[in-house]
Amino acid sequence: MAVARTLSIIKPDATARNITGKINALLEEGGLRIVAQKRLRLTKAQAQAFYDVHRERAFYDELCEYMISGPVVVQVLEGEDAVQRNRKIMGATNPASADEGTIRKAFGQNVQENSVHGSDSPENADKEIRFFFSEIELAG
Ligand code: ADP
Ligand code: MG
């Protein structure tokens, strides 16, 4: 597998607990390099647009409200097979089902407040990276 990039978000439950460094350590130990990163606060419209694929899901409104409840850290991760590698480091959506050693097992609070987002395919990674980062920010 070639070196690739994926989009990661450290979610409001994690920024609130000041554990972004602990999460970044697990990403780095898992073989991913943080090549771009910034902290920001999403607007409702931005959260809705980012999670547009989930618009029809029962949890969509609650998810968008949660994602604007505090700051997030958006980051671009680079490494071998970055999308799948990050999904493995993150663990299952529901922290209760996540494997030992994963971010969500260690830090996730419940199926919604699960500490991190990660792109689910190389195509979506491209789109999600461009949602948050400009060309000049991706040159590093
Ligand atoms: P993942 O983040 O693992 O890719 P999904 O794309 O299915 O999971 O869902 C996006 C986000 O929506 C999840 O990370 C979580 O914050 C929230 N979510 C997913 N399922 C539920 C649920 N059943 N109830 C509440 N929130 C949920
Ligand atoms: Mg997803």
Side-chain angles (χ1 to χ4, degrees):
M1 258 296 180
V3 171
R5 289 182 170 191
T6 191
L7 190 278
S8 165
I9 305 177
I10 302 180
K11 293 181 174 181
D13 70 272
T15 59
R17 286 176 288 153
N18 200 25
I19 55 173
T20 62
K22 288 179 178 164
I23 290 173
N24 282 350
L26 289 179
L27 295 171
E28 292 178 348
E29 285 160 16
L32 293 168
R33 186 177 297 272
I34 301 161
V35 297
Q37 175 172 255
K38 57 192 175 188
R39 187 176 189 264
L40 53 86
R41 201 155 175 153
L42 290 167
T43 65
K44 184 81 181 278
Q46 288 166 339
Q48 287 171 332
F50 183 78
Y51 278 118
D52 193 57
V53 290
H54 294 313
R55 193 169 286 275
E56 303 305 322
R57 307 282 284 275
F59 59 78
Y60 177 70
D61 280 338
E62 208 191 339
L63 171 62
C64 293
E65 284 299 329
Y66 155 62
M67 290 300 287
I68 66 168
S69 66
V72 296
V73 176
V74 296
Q75 43 191 196
V76 180
L77 308 177
E78 185 176 271
E80 286 285 319
D81 198 12
V83 171
Q84 276 318 305
R85 183 181 290 266
N86 184 42
R87 296 294 308 194
K88 203 164 174 195
I89 296 167
M90 289 163 59
T93 305
N94 188 344
S97 322
D99 289 342
E100 281 303 327
T102 63
I103 292 170
R104 284 167 165 173
K105 177 72 175 185
F107 303 118
Q109 298 187 296
N110 54 59
V111 70
Q112 177 179 263
E113 297 170 332
N114 56 6
S115 303
V116 281
H117 165 86
S119 309
D120 60 8
S121 70
E123 296 70 29
N124 285 337
D126 264 9
K127 274 192 223 158
E128 292 180 358
I129 288 169
R130 280 187 280 106
F131 185 92
F132 285 111
F133 292 92
S134 66
E135 212 57 48
I136 199 164
E137 294 172 306
L138 295 170

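Within 6.0 Å of NZ in Lys44 there are more than 12 heavy atoms belonging to other residues, nucleotides or ligands.
Rounding to the nearest 0.5 Å gives a distance of 5.0 Å between CD1 of Ile23 and CD1 of Ile10. In this structure, CG on Asn124 lies 7.0 Å from OG on Ser119, to the nearest 0.5 angstrom. The CG atom of Asp61 sits 7.0 Å away from the CD atom of Gln48 when rounded to the nearest 0.5 Å. Within the model, atoms OH of Tyr60 and NE2 of His54 stand 10.0 Å from one another, a figure rounded to the nearest 0.5 Å. The structure places CD of Glu128 at 3.5 Å from NE2 of His117, a figure rounded to the nearest 0.5 Å. In this structure, Arg5 CZ and Leu138 CG are separated by 6.0 Å, a value rounded to the nearest 0.5 Å.
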Identify all side-chain donor-acceptor contacts of residues 79-88 below 3.5 Å with residues at least two apart in sequence or on another chain.
| unit_1 | atom_1 | unit_2 | atom_2 | d |
| --- | --- | --- | --- | --- |
| Arg85 | NE | Glu80 | O | 2.9 |
| Arg85 | NH1 | Gly30 | O | 2.9 |
| Arg87 | NH1 | Gly118 | O | 2.9 |

Review item, side-chain donor-acceptor pairs of residues 104-112, under 3.5 Å, at least two apart:
| unit_1 | atom_1 | unit_2 | atom_2 | d |
| --- | --- | --- | --- | --- |
| Arg104 | NE | Asn114 | O | 3.4 |
| Arg104 | NH1 | Gly91 | O | 3.2 |
| Arg104 | NH2 | Val116 | O | 2.8 |
| Asn110 | OD1 | Gln112 | N | 3.0 |
| Asn110 | OD1 | Glu113 | N | 2.8 |
| Asn110 | ND2 | Glu113 | OE1 | 3.1 |

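A donor-acceptor contact closer than 3.5 angstrom links the side chains of Asn24 and Gln37.
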Take Phe50 and Phe131 through the ring pair (Phe, Tyr, Trp, His ring centres under 6.0 Å) test and state the conclusion after the steps. CA-CA 8 Å; Phe50 183 78; Phe131 185 92; 5.5 Å; yes
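The backbone N or O of Ser134 lies less than 3.5 Å from a partner atom in the side chain of Glu137, making a donor-acceptor pair. Formation of a donor-acceptor pair under 3.5 Å by the Ser115 side chain with backbone atoms of Ala14 is not found in this model. Judged purely by atom type and a 3.5 angstrom limit, Arg55 has no side-chain atom pairing as donor or acceptor with the backbone of Tyr51. Looking at Thr15, its side chain does come within 3.5 Å of a backbone N or O of Pro71 through a donor-acceptor pair.
Cluster membership for Phe133 and Ile9, using ILVMFWY side-chain heavy atoms within less than 4.5 angstrom, is shared. Phe132 and Val73 fall into different hydrophobic clusters, where Ile, Leu, Val, Met, Phe, Trp and Tyr side chains are chained together by heavy-atom contacts under 4.5 Å. Both Ile89 and Ile19 are assigned to one and the same hydrophobic cluster, defined by single-linkage of ILVMFWY side chains at heavy-atom distances under 4.5 Å. Both Leu7 and Ile68 sit in one connected hydrophobic cluster of ILVMFWY residues. Membership requires side-chain heavy atoms under 4.5 Å apart, directly or through other members. Under the 4.5 Å side-chain contact rule for hydrophobic residues, Val72 and Ile34 do not share a cluster.
Taking 4.0 Å as the cut-off between side-chain N and carboxylate O, Arg33 and Glu78 do not count as a salt-bridged pair.
Between Gly70 and Pro12, the closest heavy-atom pair is O-CG, 3.7 Å.
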